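Quick notes on the structure that follows.
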Number of protein chains: 2
Amino acid sequence: MEDRQNSLRQRSRRAVQAELVELAQGLFVERGYESTTVDDIAAAAGMSKRTVFRYFATKEELVLGKYDLLSDELLRRLRERPLGEPLWTSLRRMFDGVVAYFADNAHASRAAAMERVVTSTPALHAAYLHRVSRMQAEVAALACARAKSADDVGPVAVVGAAFACLAAARAAQASTGRSIELLLDEAMDAVAGLRRERRAPQGHHER
Amino acid sequence: MEDRQNSLRQRSRRAVQAELVELAQGLFVERGYESTTVDDIAAAAGMSKRTVFRYFATKEELVLGKYDLLSDELLRRLRERPLGEPLWTSLRRMFDGVVAYFADNAHASRAAAMERVVTSTPALHAAYLHRVSRMQAEVAALACARAKSADDVGPVAVVGAAFACLAAARAAQASTGRSIELLLDEAMDAVAGLRRERRAPQGHHER
DNA sequence: GACTAAAATGTCACTCAATGACAGATGCGG
DNA sequence: CCGCATCTGTCATTGAGTGACATTTTAGTC
């Protein structure tokens, strides 16, 4: 039990994982997520189903596993922002990495097919949203800590709004092909530009 | 094939569905969602597993089925808002029904346990988010139609931000016990009160 | 290079959600 | 009372995921 990390075994494990992801996603894009069984994947990889499940706890992880890294990156970027900066600006800068990632066409075209599989497969899309939700919660916790407002809805809502802007921008990029950077700026400007009328004078309970 | 709707059969079907929901949710709260099998529910209801699946397509629907009605209500409320009203205000008013629902303590205490089950069960929470996401998309489509801006990110982002506020308010209500009405106003004011610094002068691609 | 302990793999059996097919029961309209 | 649609139970099957156990690989040591 010496090296612990990056032993030869660890590296080969990573290699097998990467290979499985590549292989599985190819099959998913080709024949669809639901109609590709884990047995199919295992057969294609020349291993037993049980072994596939030793590399990935669930079938979904073959698709969504990569998003686990994203969380750390977002938190790191947000932590790097100066304390005095408005939260909305910090959040926009936090997304710079993601934006650059999706702005890269070489990647975009490769991942686009997989994105389509995700959004068109209810179970997969649900799991995706769950991961985003967890990420969002972590970012919100950090934002609350920054604002020194422990249990305040404000930061949580603002972080949620920022993620909603990112989602809207990604969707618009997928459908219109416009630049995600511009779309995100547009979306975040639209939200930051909101003005609300005064609240209705008295209670308005209905139904 | 006369009445079609509300025939005796339809009503009895609804009754059985309601009974199953009640029964199942009781078991879920008591023993947890994952450790309650559909067989358990069927046995408790005195019917076969197969029959349960004739009333509910999936186990999740026993918990999340009610949210399907919510979508129509939101759309109806939004449609009732005057065209000249700012979108953010219309969205706040759109939530009035939901707010009233969750402000009712009699309901809140009954549903609170179930809410906890949902948020603490990954699979359920994911399915919940998926439904909310679909609802949000419908509302966004309506908002875009109102704004006469077909494929604009703005309305989509704003609607997403509004839903994020609702989610934040609900979460805060669950943890702090404060009034959801005030919390939602606070959250939506926080988002509407955002001001953003001018964008960074030139491109900022990294990584 | 042989030895040993750990890790990886395959096989088998199992649970549980979900679906299709078929047969029998139930209940409504005439 | 009969005929027909609907409801229901039973059985078989698929597919994800898990536990247990035996076997094979492989890394590190002498």
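Because the structure is a prediction, the values reported are computed rather than measured. Letters A, B, ... are given to chains in the order of the sequence lines, protein chains preceding strands, and every chain is numbered from 1.
Of the candidates D:dT8, C:dG10, C:dA17, the closest approach to any side-chain atom of B:Val38 belongs to C:dA17. Here D:dG17 is the nucleotide among D:dG17, C:dC12, C:dA18 with the atom lying nearest to any side-chain atom of A:Lys49. Candidate nucleotides C:dT9, C:dC22, D:dT18 were compared by shortest atom distance to the side chain of A:Phe53, and D:dT18 ranks first. For B:Ser48, the side-chain atoms get nearest to D:dT10 when compared with the rest of D:dA16, D:dT10, C:dA18. For A:Arg50, the listed nucleotide lying nearest its side chain is D:dT18; candidates were C:dC16, D:dT18, D:dC11.
If you take CD of B:Glu34 and P of C:dA17, they are 9 Å apart, rounded to a whole angstrom. One can place OH of B:Tyr33 at 14 Å from P of C:dC16, the figure rounded to the nearest angstrom. Taking atom CD of residue A:Glu61 and atom P of nucleotide D:dA16, one finds them 15 Å apart after rounding to whole Å. Rounded to an integer number of Å, the gap from CG of B:Asp39 to P of C:dT15 is 11 Å. Protein atom NZ of B:Lys59 is 14 Å distant from nucleotide atom C1' of D:dA16, rounded to whole Å. Separating the CE atom of A:Met47 from the P atom of C:dG10 is a distance of 7 Å, rounded to the nearest angstrom.
If you take CD1 on A:Ile180 and CZ on A:Phe102, they are separated by 6.5 Å, rounding to the nearest 0.5 Å. Here CZ of A:Arg76 is found 11.5 Å from CG of A:Leu78. Values are rounded to the nearest 0.5 Å. Once rounded to the nearest 0.5 Å, the distance linking CZ of A:Arg146 with CD of A:Glu85 reads 8.5 Å.
Toward the 5' end of DNA chain D, the nearer of the two residues A:Thr58 and B:Thr51, judged by each one's closest nucleotide, is B:Thr51.
Remark: B:Tyr55 is in phosphate contact with D:dT8, judged by side-chain N or O atoms under 4.0 Å from OP1 or OP2.
Of all non-hydrogen atoms in B:Leu74 and B:Val139, the two that sit nearest each other are CB-CG2, 4.4 Å.
Within 4.0 Å (heavy atoms only), A:Thr36 reaches sugar-phosphate atoms of the nucleic acid but no base atom.
Side-chain atoms of B:Arg54 come within donor-acceptor range of the base of D:dG9, with a qualifying N/O pair under 3.5 Å.
Contacts of residues 16-28 of chain B with DNA chain D (heavy atom under 4.0 Å): none.
In this structure, the side chain of B:Thr121 does not engage the main chain of B:Leu124 through any donor-acceptor pair within 3.5 Å. The main-chain N or O of A:Asp68 is never found under 3.5 Å from a side-chain atom of A:Ser71 such that the two would form a donor-acceptor pair. When atom types are taken as modelled, the side chain of B:Arg81 and the backbone of B:Leu91 share no donor-acceptor pair closer than 3.5 angstrom.
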